[in-house]
Amino acid sequence: MYGLFRPRVLGSWKVPVTGPVILAVNHAHNVDGPMVMGVAPRPTHFLIKKEAFVGPLGPFLGAIGQVEVDRRSTDRTAITRALSVLDEGGVLGIFPEGTRGGGDFASLRAGLAYFAVRSGAPIVPVAVLGSTEKSGRLVKALPPLRSRVDVVFGDPFPAGDGSGRRTRKALDEATVRIQERLTAHLENARRLTGR
């Protein structure tokens, strides 16, 4: 990432140095996930749609520990692999909206709350800003080479309410709390970076 773009990384010291962690990343561009993987202070295993595991990219993503997920159904294999990353004290990267969009955390899916409440891992909000401002001249699907992309890590927080409940209601309440924290982090990141 540092060879292709000019990432400005803020707050990476906020990511706990040991133990399970979930990075909740906004997702507006295809480069957002690789950008976070490239600048995060710890190796990160992202949940990535199975459609990305095609051609030579498939074995490469598997070799670097990314988790293939079928978004059309409840993918028990992906859930088990993601939970094992957290059980082993690793870092799991999730796009909480489930797909690329406005990158504003406007509509969260329940997966992030499930993994956080189930594992007890803290969530670190991550805002990637600047990846959608312009298209590159050589490769239109990427930001311009050597353009600045800001990656802002926020303060870790627990998703649960401390009760240990894992009911549907507890997950719904956790999703609301998570969305509030992620939205606040994104607004703060925009103020901090001027984007």
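Computation of the quantities below employed the complete heavy-atom set of this structure, encompassing side-chain atoms and omitting hydrogens, waters and symmetry-equivalent molecules. Not measured: the values here are computed from a predicted model.
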| message | Taking ring-ring contact (aromatic ring centres under 6.0 Å, His included) as the definition, give me every residue that meets it alongside F115, ordered by chain and number, with sequence neighbours left out. | response | none

| With R8 via salt bridge (Lys or Arg N to Asp or Glu O under 4.0 Å) - residues at least two apart | D150

| task | Kindly write out the residues that satisfy salt bridge (Lys or Arg N to Asp or Glu O under 4.0 Å) with R168, not counting sequence neighbours, or none if the list is empty. | result | D172

Can you confirm whether [X] sits close enough to [Y] that some side-chain heavy atom of one is under 4.5 Å from a side-chain heavy atom of the other?
X: V128; Y: N26; result: yes
X: R195; Y: R148; result: yes
X: I123; Y: R181; result: no
X: L129; Y: L186; result: yes

Quick check for you: to the nearest 0.5 Å, what is the distance between [X] atom [atom1] and [Y] atom [atom2]?
X: T175; Y: E180; atom1: OG1; atom2: CD; value: 11.0 Å
X: I22; Y: L86; atom1: CD1; atom2: CG; value: 5.0 Å
X: T193; Y: N188; atom1: OG1; atom2: CG; value: 9.5 Å
X: L92; Y: S119; atom1: CG; atom2: OG; value: 8.0 Å
X: R190; Y: H185; atom1: CZ; atom2: NE2; value: 10.5 Å

If you compare all heavy atoms of [X] against all heavy atoms of [Y], which two are closest, and at what distance to 0.1 Å?
X: Y114; Y: L171; result: CA-CD2, 3.8 Å
X: L61; Y: A52; result: CD1-O, 3.9 Å
X: T44; Y: G93; result: CG2-N, 3.7 Å
X: A113; Y: I178; result: CA-CD1, 3.7 Å
X: R42; Y: V21; result: NH1-CG2, 3.5 Å
X: L112; Y: A24; result: CD2-CB, 3.8 Å

ILVMFWY network linking [X] to [Y], side-chain heavy atoms under 4.5 angstrom:
X: L182; Y: L192; answer: no
X: V67; Y: I79; answer: yes
X: M35; Y: L23; answer: yes
X: I48; Y: V126; answer: yes
X: F46; Y: V9; answer: yes

| said: Show, in sequence, the C-alpha distance, side-chain angles and deciding distance for V149 and V31, and conclude whether the side-chain contact (heavy atoms from CB on, under 4.5 Å) test is met. | reply: CA-CA 10 Å; V149 177; V31 80; 5.6 Å; no

| Which pairs with one or both residues in residues 52-70 pass side-chain hydrogen bond (donor to acceptor under 3.5 Å, both in side chains), sequence neighbours excluded? | D70-R72

If you look only at distance, which donor and acceptor atoms sit under 3.5 Å apart when one is on a side chain in residues 11-18 and the other is two or more places apart or in another chain?
none

| What residues form a side chain to side chain donor-acceptor pair (under 3.5 Å) with D75, not counting sequence neighbours? | none

| request: Any chance you could lay out the side-chain contact (heavy atoms from CB on, under 4.5 Å) test for V176 and E173, step after step, and finish with the verdict? | output: CA-CA 5 Å; V176 170; E173 291 169 356; 5.8 Å; no

